[in-house]
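Heads up, the thing below is written out as structure tokens.
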Amino acid sequence: MTKPRILVTRRWPEAVEARMAEVFDLDLNGTDTPLGEADLRDAMGKYDAILPTVTDRLPAAVFDRPSARTRILANYGVGFAHIDTEAAKSRGITVTNTPDVLSECTADIAMTLMLMVARRAGDGERELREGRWSGWRPTHLIGTKVSGATLGIIGFGRIGQAMAQRAHFGFGMKIIVQNRSPVPADVLARYGAVQVPAIDDLLPLCDFVSLHCPGGATNRHLINSRRLDLMRPGAFLINTARGEVVDEHALAQALWFGTIGGAGLDVFEREPHVPAELLGADNLVMLPHLGSATRETREAMGFRVLDNLMDFFDGKTPRDRVA
Ligand code: DGY
């Protein structure tokens, strides 16, 4: 039997690439640079499966061709707002993602940002490396206590719950959640959490707010200037979800004018571009989209894609089918 022809759009962990090469007729992107829309549209005619990731844009135009060979887009990553799933569905193309395996590491990065911004770790590190540290003093780089504070979690799926686990059991934080659908009582009870109906209800109650909802058009600028004004003065916003969820200009204003205490961002609206007004804000900690960036998780994500592909080409429904 001929092996399915597969395109991997970026370099993946070696262990996964090696295993995939045994099973499929594999084309790797040796340059590891993002493909453009025209390349992806072209690939639709040549490959049985395309394995995109968050740096690939697949709007309706990519699917707009007389015929396609591609039958599955097996995304490397949990978020898939970069793929027009309606356009894929209308052409009978299956879409899968990689949930579960990155929840813990993404929550770890959200905790990292929360601790760094509250305890001014970025300021401190810069000061020390630049030789500006003059020694201990009672008023030096005073931050905000995390332990025992109230954390608001917007989006209480797997990653939101992993965040609650860390914050509640590790740091004794009170947890308030907002989620599109009602969270089962036993899940809330596990973290001593309370669910509120709307984001506007949550924001004024919290010392920290962490975003764990999906990106895409529906949630674009969910956090805007009106909502930043609803946050407590001195509160912190953490985003490890998707850049477009936060209006970056409004956030920059809130940081510069001190409407909120600070923010921690792992994701940006037009990655890898970071607006200058954010780069200059000292009460902001930024990371270059590192949520899932551990060897263990990046390999697990790759093997999860492999499972989805094996199921698909065996004629079964892949476990992580999203369209
Ligand atoms: C995802 O999985 O969607 C991440 O943002 C990339 O790891």
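This structure is a prediction, so every number in the text was calculated from the model and none was measured. Both ligands and their constituent atoms are indexed starting at 1 by order of listing. Numbers here simply count residues along the sequence, with the first being 1.
- Contact annotation for Val267 and ligand 1: no heavy atom of the residue comes within less than 4.0 Å of the ligand.
- Among all heavy-atom pairs drawn from Pro13 and Tyr76, the shortest one is CD-OH, 3.7 Å.
- When each atom of ligand 1 is checked for a heavy atom of His289 under 4.0 Å away, the hits are 4 (C), 5 (O), 6 (C).
- Under a 4.0 Å criterion applied to the non-hydrogen atoms of Met301, ligand 1 contributes the atoms 7 (O).
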**Message:** Using the rule given for side-chain contact (heavy atoms from CB on, under 4.5 Å), can you reason through Arg69 versus Met44, listing the C-alpha separation, both sets of side-chain angles and the distance that settles it, and then say yes or no?
**Reply:** CA-CA 6 Å; Arg69 174 167 169 178; Met44 289 272 183; over 6 Å; no

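- Between Arg242 and ligand 1, an N or O atom pair is found at a separation short of 3.5 Å.
- Remark: ligand 1 atoms within the under-4.0 Å shell around heavy atoms of Leu102 are 2 (O).
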Which atom pairs, one a donor and one an acceptor, fall under 3.5 Å between side chains of residues 141-164 and the rest of the protein, sequence neighbours left out?
from: Arg158; atom 1: NE; to: Asp100; atom 2: OD1; distance (Å): 2.6
from: Gln161; atom 1: NE2; to: Phe156; atom 2: O; distance (Å): 3.1

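- None of Asn75, Asn308, Thr96 except one satisfies the side-chain hydrogen bond (donor to acceptor under 3.5 Å, both in side chains) rule with Asp320; the exception is Asn308.
- Remark: minimum distance from atom 7 (O) of ligand 1 to any protein heavy atom is reached at Ser292 OG, 2.7 Å.
- Per-residue contacts place Val78 under 4.0 angstrom from the following atoms of ligand 1 (heavy atoms of the residue considered): 1 (C), 2 (O), 3 (O).
- Within ligand 1, counting atoms from 1 as listed, the ones closer than 4.0 Å to a heavy atom of Gly77 are 1 (C), 2 (O).
- Under 4.0 Å is where a charged nitrogen must lie from a carboxylate oxygen, and between Arg270 and Glu244 no such pair does.
- Between Ala241 and ligand 1, no N or O atom pair is found at a separation short of 3.5 Å.
- Glu271 contributes a side-chain N or O that, together with a main-chain N or O of Phe268, makes up a donor-acceptor pair within less than 3.5 Å.
- Ion pairing between a basic and an acidic side chain is recognised when a charged N comes within 4.0 Å of a carboxylate O; Arg126 and Asp123 show such pairing.
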